[in-house]
Amino acid sequence: MRKKLDDFFSWDGKVMELLRRAGELILLNIVFLISCIPIVTIGSALTSFYYATIKSIRRERGTVLGEYFGSMKRTMKKGILLVLELAVWFGLLYIGRRYSQVNERPHMTVVYNVLMLISAAVAVYVFPVLSRFEMKLTNCWKLAFLMCIRFFPYTVVIAAGTAGIAWLQFYILPMPCILFVPGLWCLGITFLMEQALLAYMPKPEEGQEDAWYYDTGKPEKENDKKDNMQKGKVGRGLRMKKGLFSAGRQSAQRDGPEKNL
């Protein structure tokens, strides 16, 4: 019994592991909030927040800050464009809604409200899509829309949960909670979002079977685990020999597969 307790509270035990991950999540949360200050960087910050959370905290690959800033560098341009597109689109919807209210056209007000809800639901997926795939922005929106419809129950949970968390944070919870609440929610979202993303992942190429973005999160049988470990060693050896762009130029830049729609 004493030995089990010592192992549980040891440096490599479950308690220290939990504390380490909690600290990394809080650190990532703070960096994310600071990155959002310029406003136009919110898109890239959200993309990198999701990317670092799933890769470094859940899958334990790389460091949280290294993965976060690496993703920021790769997605900054597209992230800014996505934010501008969203700002213009929601601005037009808001103007149309106000015009309908002023001119007493309730049916058009309902239409604009529905469009806003659909747009918000699609926006839930577009930043995780940008974090995973290398594609044009138009294709990012297409894939996000498909995922929104196909995984409608996930869409409802994520969108409603995000709105609820935001409301709690700004009206109920103390402000210091903002240092960890977004990170906890982002971590929770990954359990649903990854199932949606995996549905559109291409078949792994040779040597990619052990890649973090193909991890289903399901426990492996012992024999399968050994096989995957051997494949991982072979795959890493091939990538080291062939160079950084062995899996494809776009794939290497995103640390994920290229997706064409």
Side-chain angles (χ1 to χ4, degrees), residues 28-29 32-33 35-54 68 71-72 74-98 109-170 178 181-201 254 256 259 261:
L28 181 62
N29 198 132
F32 162 70
L33 293 174
S35 301
C36 290
I37 293 175
I39 305 300
V40 293
T41 59
I42 289 178
S44 182
L46 285 169
T47 301
S48 304
F49 195 28
Y50 180 86
Y51 178 83
T53 299
I54 182 62
Y68 181 85
S71 177
M72 283 282 288
R74 291 191 300 268
T75 62
M76 181 63 73
K77 182 178 179 180
K78 288 185 177 180
I80 291 175
L81 290 175
L82 283 176
V83 169
L84 293 177
E85 289 174 355
L86 282 170
V88 171
W89 175 244
F90 276 101
L92 291 174
L93 291 179
Y94 177 77
I95 292 173
R97 182 175 179 274
R98 288 293 299 167
T109 302
V110 172
V111 170
Y112 282 112
N113 287 337
V114 171
L115 286 175
M116 284 184 174
L117 287 174
I118 294 174
S119 300
V122 174
V124 162
Y125 290 94
V126 73
F127 296 109
V129 166
L130 179 61
S131 77
R132 183 62 49 86
F133 301 109
E134 179 66 29
M135 58 174 66
K136 296 179 180 179
L137 288 183
T138 52
N139 290 338
C140 282
W141 286 115
K142 290 178 183 178
L143 183 55
F145 180 76
L146 291 174
M147 293 170 68
C148 173
I149 301 300
R150 179 177 177 181
F151 297 93
F152 185 72
Y154 293 176
T155 303
V156 173
V157 172
I158 295 174
T162 301
I165 290 293
W167 180 80
L168 286 174
Q169 178 58 67
F170 288 103
I178 200 172
V181 168
L184 286 175
W185 181 240
C186 183
L187 181 62
I189 285 174
T190 63
F191 290 92
L192 297 178
M193 188 65 69
E194 282 303 300
Q195 296 183 48
L197 290 171
L198 281 170
Y200 292 94
M201 298 280 284
R254 176 66 70 250
K259 181 73 175 178
L261 291 181

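Basis for what follows: all heavy atoms, side chains included, without hydrogens, waters or symmetry-related copies.
Residues Leu198 and Gln195 form no side-chain contact, since every pair of their non-hydrogen atoms from C-beta on lies 4.5 Å or further apart. By the 4.5 Å heavy-atom criterion applied to side chains, Thr155 and Tyr125 are counted as neighbours. Side-chain contact between Arg98 and Ile95 is absent, with no heavy-atom pair separated by less than 4.5 Å. Looking at Val129 and Thr47, their side chains never come closer than 4.5 Å, going by heavy atoms from C-beta outward. Put simply, the side chain of Met193 reaches to within 4.5 Å of the side chain of Val124, judged on heavy atoms. Two residues are said to be in side-chain contact when any heavy atoms from C-beta on lie closer than 4.5 Å; Arg132 and Tyr51 fail this criterion.
Legend: residues meeting side chain to side chain contact (heavy atoms under 4.5 Å, CB included) with Ala123, ordered by chain and number and at least two apart, are Leu86. Take Tyr112 and apply the side chain to side chain donor-acceptor pair (under 3.5 Å) test, not counting sequence neighbours, and it matches no residue. For Arg150, there are no side chain to side chain donor-acceptor pair (under 3.5 Å) partners, not counting sequence neighbours. Applying the side chain to side chain donor-acceptor pair (under 3.5 Å) rule to Thr190 yields the partners Arg58; only residues at least two apart in sequence or on another chain are considered. The side chain to side chain donor-acceptor pair (under 3.5 Å) search around Thr41 returns none, not counting sequence neighbours.
The line from CG of Leu130 to NZ of Lys78 is 6.5 Å long, rounded to the nearest 0.5 Å. Here the straight-line distance linking atom CG of Leu84 with atom CD1 of Ile39 works out to 12.0 Å at 0.5 Å rounding. Atom CG of Leu92 and atom CG of Leu115 lie 11.5 Å apart (nearest 0.5 Å). Note that NZ of Lys77 and CG of Leu137 are 9.5 Å apart. Values are rounded to the nearest 0.5 Å. Here the CG-CD1 distance, from Leu82 to Ile42, works out to 12.5 Å after rounding to the nearest 0.5 Å. Rounding to the nearest 0.5 Å places OG of Ser131 at 10.5 Å from CG of Leu46.
A salt bridge is absent between Arg74 and Glu134; no separation between the charged side-chain nitrogens and carboxylate oxygens falls under 4.0 Å.
Across Met72 and Ser48, no two heavy atoms sit closer than the pair N-OG, 3.0 Å. Between Ile80 and Val40, the shortest heavy-atom distance links the atoms CG1-O, 3.4 Å. Heavy-atom minimum distance, Asn113 versus Arg97: OD1-NE, 2.5 Å. Across Asn29 and Val181, no two heavy atoms sit closer than the pair OD1-N, 4.0 Å.
Pairs of residues two or more places apart, or lying in two chains, that qualify as ring-ring contact (aromatic ring centres under 6.0 Å, His included) and include a residue from residues 140-159 are Phe151-Tyr154.
Inspection of the Thr75 and Ser44 side chains reveals an N or O donor paired with an N or O acceptor under 3.5 Å. Looking at Ser35 and Tyr68, their side chains do bring a donor and an acceptor atom within 3.5 Å of each other.
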_Chi angles and distances behind the side chain to side chain contact (heavy atoms under 4.5 Å, CB included) call for Met147, Leu197_ = CA-CA 8 Å; Met147 293 170 68; Leu197 290 171; 3.7 Å; yes
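The ring pair (Phe, Tyr, Trp, His ring centres under 6.0 Å) test with Phe32 is passed by exactly one of Tyr50, Phe49, Trp185: Phe49.
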